[in-house]
Number of protein chains: 2
Amino acid sequence: MTATIELTSPKAAHACGRQPGDNYCDNCKVRSLAVCAALGPEELPELDDIVHHTRADGKTTFIHQGETAESVFSVTEGMVRLYKLLSDGRRQIIGVAMPGDFLGLALHNRYGFSADAVDDVALCRFDRREFDNLVTAKPHFLRRLHEFATHELVIAQEQMTLIGRRSAEERVAAFLVAMRERWTRIKGPSVTIQLPMQRIDMADYLGLTIETVSRTLTKLARDGVILIVPEAVRVLDEKKLLSIARA
Amino acid sequence: MTATIELTSPKAAHACGRQPGDNYCDNCKVRSLAVCAALGPEELPELDDIVHHTRADGKTTFIHQGETAESVFSVTEGMVRLYKLLSDGRRQIIGVAMPGDFLGLALHNRYGFSADAVDDVALCRFDRREFDNLVTAKPHFLRRLHEFATHELVIAQEQMTLIGRRSAEERVAAFLVAMRERWTRIKGPSVTIQLPMQRIDMADYLGLTIETVSRTLTKLARDGVILIVPEAVRVLDEKKLLSIARA
DNA sequence: CGCGGCCTTGAGAAATGTCAACTTACGTGG
DNA sequence: CCACGTAAGTTGACATTTCTCAAGGCCGCG
């Protein structure tokens, strides 16, 4: 179940005479997207000192709702789903984290959600206390975290509106558009929208059932809006897709 | 439409020799609940310098989705609804702000939602730039804002789960319980849950229609869980209400 | 080659939405 | 002070969307 394996303990690599370039963060491909971008080159070693590089493979749950929050994470590769479970097993996916995203914004004592790896995921893990100390010492870093938090809040409010007030078709279309925008941000534009998650994840994200998602995708395909391919969807009629998504 | 009237311009009241107690914030009943609690007595005058006390009466819209965000607000009295509108008029209420709550956490350029007064509302308005300067100068204040933001985020995630995965009855019960907890925080406990908002607000908050809300309340009343009274609901069977709400 | 997981499709059920009538409460003006 | 008009709330009948349950197809892996 829980199996986040520490690959490297960077502490060993670091001593007094470190040069710029000696640390992982310097070479991080997603630094500019991540919270880390708030730190200048001279501050990166401080981050590097407390980071633990970690991987989680498919389905590994590395944040458990209700447990004491001892770590926070920054995603560098792969896709993570964040979800809440009701006592009877109903699940709501409250977010999908991709490279550059941060997990654990709420510096609270317990995790309010669970998180697991959709595909293979690379994470920077930080001890919450150590991370918190760094945040406290660096207001501009706190500021960046706050920007991330408010951005998340905006997304959450949009998601509420999506789930509360829009039809299945609108939800699916909006989801596809949003996924495409996120991939574009990370990898540049493409007509193919990668969907590493399964139908049930889309369903639990959109407040629908698998069957409704499936039927809706089929309908979009039948209408010539998209083409369904394994692990992805290709956009055939962008204008139409957007007009459904924007509603 | 827009009619937030400036009652008092505190600038005039202030000069060099101000004593503690000379300013409004000192006597604020909700200071301990609000973001302002992050500031010590010696810092309050700085807040007082930039605050504009404002009232908005029933139905006045004082934040317009999409407009440039020039002000942020702290609610001191009354109830505010925050909502997003779709182009065809569908509305999702994304939050209800009560005394102590802060509006405008996202220091973004445009408001992502609209806000209006449910009943008579008292607000502390701040120019976004001035407020931002204060935040930048005071990391502990930023920290408090961040705590507010992450708290909002937690609430939003719970709301997503509520709307996406729970039945009408569960939504209404959870709403009543949440409202009661909020009133308790502000005014102390009571079996009567004040509901200054109308059915349509509850509906738009819970992703339901007026009729479904009405029927659900009637059912809860029929089952002896609550008693419906004007502008409020009285809890008759707390255990049952909680068990429905918690699901 | 066969099994198991995921996806799709269909038929019918259930929950919720829609439309419309009616009630109630309340404020206004005769 | 009453009568009317309006807005909110409730209720009923019916429509629609989405869910549930069940069957079958596809595909990768052992």
Side-chain angles (χ1 to χ4, degrees), chain A residues 57-59 81 86 88-93 118-119 162-176 193-223 226-234 244 247, chain B residues 57-59 81 86 88-93 118-119 162-176 193-223 226-234 244 247:
Chain A
D57 27 10
K59 311 286 152 82
R81 61 186 165 217
L86 301 184
D88 61 0
R90 281 176 289 178
R91 184 179 74 151
Q92 177 68 41
I93 294 188
V118 174
D119 49 9
L162 191 72
I163 298 174
R165 282 292 173 242
R166 308 179 81 187
S167 70
E169 188 176 30
E170 290 170 342
R171 294 186 214 182
V172 170
F175 173 75
L176 294 177
I193 306 171
Q194 296 299 323
L195 297 177
M197 78 272 283
Q198 306 174 326
R199 296 288 181 266
I200 194 162
D201 295 318
M202 293 177 57
D204 285 349
Y205 186 53
L206 299 173
L208 299 169
T209 58
I210 320 178
E211 293 95 329
T212 300
V213 170
S214 182
R215 277 187 252 269
T216 306
L217 285 170
T218 304
K219 178 172 185 297
L220 289 173
R222 200 171 347 104
D223 294 350
I226 59 170
L227 181 70
I228 299 172
V229 298
E231 303 262 293
V233 148
R234 229 167 273 157
I244 298 170
Chain B
D57 28 9
K59 311 287 154 77
R81 61 187 164 216
L86 301 185
D88 61 0
R90 284 176 286 178
R91 183 179 73 151
Q92 177 68 42
I93 294 189
V118 174
D119 49 10
L162 191 72
I163 298 173
R165 283 293 174 241
R166 308 181 79 188
S167 69
E169 189 177 30
E170 291 169 341
R171 292 186 215 182
V172 170
F175 173 76
L176 294 177
I193 306 172
Q194 295 300 324
L195 296 178
M197 78 272 284
Q198 305 175 326
R199 295 290 180 264
I200 194 164
D201 296 318
M202 293 177 57
D204 285 349
Y205 187 53
L206 299 173
L208 298 169
T209 58
I210 318 179
E211 293 92 331
T212 300
V213 169
S214 182
R215 277 187 253 269
T216 305
L217 285 171
T218 304
K219 179 173 184 298
L220 288 173
R222 199 171 347 104
D223 294 350
I226 59 170
L227 181 70
I228 300 171
V229 298
E231 302 262 292
V233 147
R234 230 166 272 158
I244 299 170

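Here is how names work: the chains are called A, B, and so on, in the same order as the sequence lines, proteins then strands, and each is numbered from 1. For clarity, every value in this text was computed on a predicted model and none was experimentally measured. Hydrogens, waters and symmetry mates play no part in the numbers below; they use all other heavy atoms, side chains included.
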Gap between atoms [atom1] and [atom2], on [X] and [N] respectively (whole Å):
{"X": "Glu231(B)", "N": "dA25(C)", "atom1": "CD", "atom2": "P", "result": "13 Å"}
{"X": "Ile210(B)", "N": "dC19(C)", "atom1": "CD1", "atom2": "P", "result": "12 Å"}
{"X": "Lys219(B)", "N": "dT11(D)", "atom1": "NZ", "atom2": "P", "result": "14 Å"}
{"X": "Met202(B)", "N": "dA8(D)", "atom1": "CE", "atom2": "C1'", "result": "14 Å"}
{"X": "Leu217(B)", "N": "dA8(D)", "atom1": "CG", "atom2": "C1'", "result": "13 Å"}

Taking only residues two or more places apart in sequence, or in another chain, which ones meet Arg199(A) in a salt bridge (Lys or Arg N to Asp or Glu O under 4.0 Å)?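 Here no residue qualifies.
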Test of understanding: with salt bridge (Lys or Arg N to Asp or Glu O under 4.0 Å), list the residues that count as partners of Glu211(A), not counting sequence neighbours.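 Salt bridge (Lys or Arg N to Asp or Glu O under 4.0 Å) check on Glu211(A) returns nothing, list empty.
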Working note: Leu220(B) + Val172(B), criterion side chain to side chain contact (heavy atoms under 4.5 Å, CB included); need CA distance, chi angles, decisive distance, verdict. CA-CA 9 Å; Leu220(B) 288 173; Val172(B) 170; 4.0 Å; yes
Report each atom pair, protein N/O against N/O of nucleotides 2-6 of chain C, whose distance is under 3.5 angstrom.
{"residue": "dC6(C)", "atom": "OP1", "partner": "Gln198(A)", "partner atom": "NE2", "Å": "2.9"}

Using the test side-chain contact (heavy atoms from CB on, under 4.5 Å), find all partners of Gln194(A) that sit at least two apart in sequence or belong to another chain.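 Only Trp183(A), Thr192(A), Pro196(A), Ala232(A) meet the side-chain contact (heavy atoms from CB on, under 4.5 Å) criterion with Gln194(A).
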Would Asp201(A) and Arg91(A) count as a salt bridge (charged side-chain N to carboxylate O under 4.0 Å, His left out) if you check the C-alpha gap in whole Å, the side-chain angles of each, and the deciding distance to 0.1 Å? CA-CA 9 Å; Asp201(A) 295 318; Arg91(A) 184 179 74 151; 2.8 Å; yes
Per-helix bend value, the helix from dC1(C)-dG30(D) to dG30(C)-dC1(D), C1' rotation axes over five pairs per end, 10° rounding, shows 20°
Could you check if a side-chain atom of Val213(B) sits within less than 4.5 angstrom of a side-chain atom of Arg171(B), using non-hydrogen atoms only? no
With a 4.5 Å cut-off on side-chain heavy atoms, are Ile193(B) and Leu195(B) touching? yes
SB check Glu170(B) Arg90(A) (cutoff 4.0 Å): yes
Under a 4.0 Å heavy-atom criterion, the protein footprint on nucleotides 12-30 of chain D, written with B, S and -, is BB----SSBB---------
Could you tell me whether a side-chain N or O of Arg222(B) sits under 3.5 Å from a main-chain N or O of Leu217(B), the two making a donor and an acceptor? no
Atom CD in Glu231(B), atom CG in Asp119(B): separation rounded to 0.5 Å?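 Going from the CD atom of Glu231(B) to the CG atom of Asp119(B) covers 8.5 Å.
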What are the two closest heavy atoms between Asp204(B) and Gln92(B), and how far apart are they? O-NE2, 3.0 Å
With a 4.0 Å cutoff (strictly under), does any side-chain N or O of Ser214(B) reach OP1 or OP2 of dT11(D)? no
